[in-house]
There are 2 protein chains.
Amino acid sequence: MAKGPTVYHVAERAGVSIATVSFTFRQPDKVKASTRELVLAAAEELGYVPSASARGLARGRTGALGLFAYDYLLDPADGIRGDGQDPHEPAAADLERRNEDLRLFPLYVDEVQRGVELECWRRGQALLVGGGNPENNEAVLSDIAGRVDGLAVFPRSVPSEALARIARRIPVVEISESVHNRELDHVTVDNVSGVRAITEHLIAAHGLSELMFLGGMPSSDNDERLAGFLGALSDAGLPNTREPKYPCGSEQSVTEVVRAICEQGSLPDAFVCATDQDALVVMDALAAAGVNVPRDVAVTGFDGIAAGRVIRPSLTTVRQPMEQMGRTMVDLLLDRLDHPDKPPAAIRLPVRVILRESCGCQPG
Amino acid sequence: MAKGPTVYHVAERAGVSIATVSFTFRQPDKVKASTRELVLAAAEELGYVPSASARGLARGRTGALGLFAYDYLLDPADGIRGDGQDPHEPAAADLERRNEDLRLFPLYVDEVQRGVELECWRRGQALLVGGGNPENNEAVLSDIAGRVDGLAVFPRSVPSEALARIARRIPVVEISESVHNRELDHVTVDNVSGVRAITEHLIAAHGLSELMFLGGMPSSDNDERLAGFLGALSDAGLPNTREPKYPCGSEQSVTEVVRAICEQGSLPDAFVCATDQDALVVMDALAAAGVNVPRDVAVTGFDGIAAGRVIRPSLTTVRQPMEQMGRTMVDLLLDRLDHPDKPPAAIRLPVRVILRESCGCQPG
DNA sequence: TCGAAGTATCTAAGCGCTTTGATTTATCGC
DNA sequence: GCGATAAATCAAAGCGCTTAGATACTTCGA
């Protein structure tokens, strides 16, 4: 790999100055058509590819955005090491198992990432995706931050001090509201209305009255979902007889809660879950206890992940517009670059209730 | 956004030279521990984030790899424009429809991309993902090429002249074998054995004898799959009574072929399809004609996309190790960077036959 | 106490591009 | 055909970092 040709080579070949070469690529109309042809031809012959590093340095902008994602399934030991050396090579069999089981469907993070990608492509922005295990997120994050003009992150995927530091330098947008960092741009959804609507549906359409909210890690998103639930109850004049089990993070404990309830034989009319993942776990636990959904108890989720469409009974849920959320993050970032001093934006996108089988409906 | 602090600021604050600052980050052991602390503290206070552009320029390496993917569903009008302006904003409703229908499951390209991402993260490599519509792939591709040390591409997602040009400058690895570019590194799978094995299964385990190969765009992958099919037939001493319908690209024409066969009432014993996508189309067409799979006819695919696991009847297929393929691309790229002069590698990964319902098996 | 041999740090020269302001060349009215 | 104005091109100064090679500082044996 001999070092590639530079503006200097192209300029010499075309018999012009390097400035003209640069103009030919960046501001073509400043260059006479005939000269442009000349330069383009020279570039073509030489196989010239402009260096983004040099451009970025000169311009003070890289022209790329970053996304810091994460992977539920990334084995911590399978992580990135500072020295760039091989930690352990994941065994092929592990990969297959992982993909065939858990990654059968795109998850929330995948769908959002797609939105970010598509929007970046549409707007002609390069996109750097990073991610990784919690161990050394900070180093990775910092590396990415040095390469981009703006960064989109999932909350809690990175320590907030690190984030704050980066936000001093480039715009950062968070998806889903983290409790801290009120001064960053945010993309969220209307959690309150979503859960309120699905809860009202259970009450009004199915005549259920003893509802229980369950699941969710502590976050303002989930706080809002609970609030929507409680609001719907009180609007309907129903007492809140079932103590909400929130936060109720790990898969383990959701399973245990449900199992305990089953053993006591004290099923509510419905489990209103904070997330689809929780709902799936709940349905598994119910199935294990021989409880039929939706006949014996209704279950609803929140997110609208693909898996919920396919399982039986299919999952009634509140769908977040994930791709749109990703796209909106990109919008915010680019907008922020043009208007650094605008007050932080918190875009709240609408959600949509999707009625399927798990609440007792019979979708077409 | 005031311009961020640079090595100069950090150096001044710490009372050292910029070289020492640089060493502190890049070769920490060349710096006395006490000095290092000093520099780190200064960097922390200032919120210093090293510029990758400057580093890349100075080192002649960006430290990033690129992936050029594509999206089946990317509306051409929804594409990237050279001027970076807004073409048309995709309507939210369109997004939802798209995601809920066609993108319900991760596709081949998605799974490979995941592999690339995970391996990059694991190895501490930044990853740039680009993609887009065929319209101006070339400009986008060139932009990406200028940003990375190596590029992974899907075949036919880019014009091969453009690719050749880029390959003059940085290593390029193709996944799945394109007909041209024998001089690039490649990752493929063992197409021949895969189809041979699945065909043998139909013959030996289910006693089928009249088999028809169907589907696939022209490519060396699919050539090999056909060869595997024919090989199995001849090994079994079966005549090739059914003219293979390959290439048979568009969804439309696969549907038509199947419909015509159904109308003639001349079903073969099995359709051996070049890809899962084809197999799904075939099964749709058969269902439309009132033909039962696998009772009236068996169907097999190739790829192992997630959708095949979930549909009924579930799809017997040959699974490619897609994540592993993505990871291998990264391996090849990094290896090539260290050994520019090694002869082109063509890694061929093994595949696995997955027996499900569509061939007549009863998976546990 | 002195010089040799390490260590630690620094000086300075790029890396390949963009872009301002200067300079040259083309265009036009009269 | 001439100056005035506009258009095209150019020279040169960075952008922020890395890294030889030079220099300063330690350490240590004799």
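Being a predicted model, the structure only gives us computed values, none of them experimental.
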* Which letters describe nucleotides 14-24 of chain C, given B = protein heavy atom under 4.0 Å from base, S = only from sugar-phosphate, - = neither? -> BBBBBBB----
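In terms of the side-chain hydrogen bond (donor to acceptor under 3.5 Å, both in side chains) criterion, residue partners of E44(B) (sequence neighbours excluded) are, by chain and number, R165(A). In this structure, E12(B) has no salt bridge (charged side-chain N to carboxylate O under 4.0 Å, His left out) partners at least two apart in sequence or on a different chain. Legend: residues meeting side-chain hydrogen bond (donor to acceptor under 3.5 Å, both in side chains) with T188(A), ordered by chain and number and at least two apart, are absent.
One atom, CG of D29(A), and another, P of dT9(D), lie 12 Å apart when rounded to the nearest Å.
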Identify all side-chain donor-acceptor contacts of residues 143-150 of chain A below 3.5 Å with residues at least two apart in sequence or on another chain.
unit_1: D143(A); atom_1: OD2; unit_2: R147(A); atom_2: NE; d: 3.0
unit_1: R147(A); atom_1: NH1; unit_2: T62(B); atom_2: O; d: 2.8
unit_1: R147(A); atom_1: NH2; unit_2: T62(B); atom_2: O; d: 3.2
unit_1: D149(A); atom_1: OD1; unit_2: T62(A); atom_2: N; d: 2.8
unit_1: D149(A); atom_1: OD1; unit_2: T62(A); atom_2: OG1; d: 3.2
unit_1: D149(A); atom_1: OD2; unit_2: T62(A); atom_2: N; d: 3.4
unit_1: D149(A); atom_1: OD2; unit_2: G63(A); atom_2: N; d: 2.7

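Neither OP1 nor OP2 of dA8(C) sits under 4.0 Å from any side-chain N or O of T35(B).
The stretch residues 15-50 of chain B participates, sequence neighbours left out, in these ring-ring contact (aromatic ring centres under 6.0 Å, His included) pairs: F25(B)-Y48(B).
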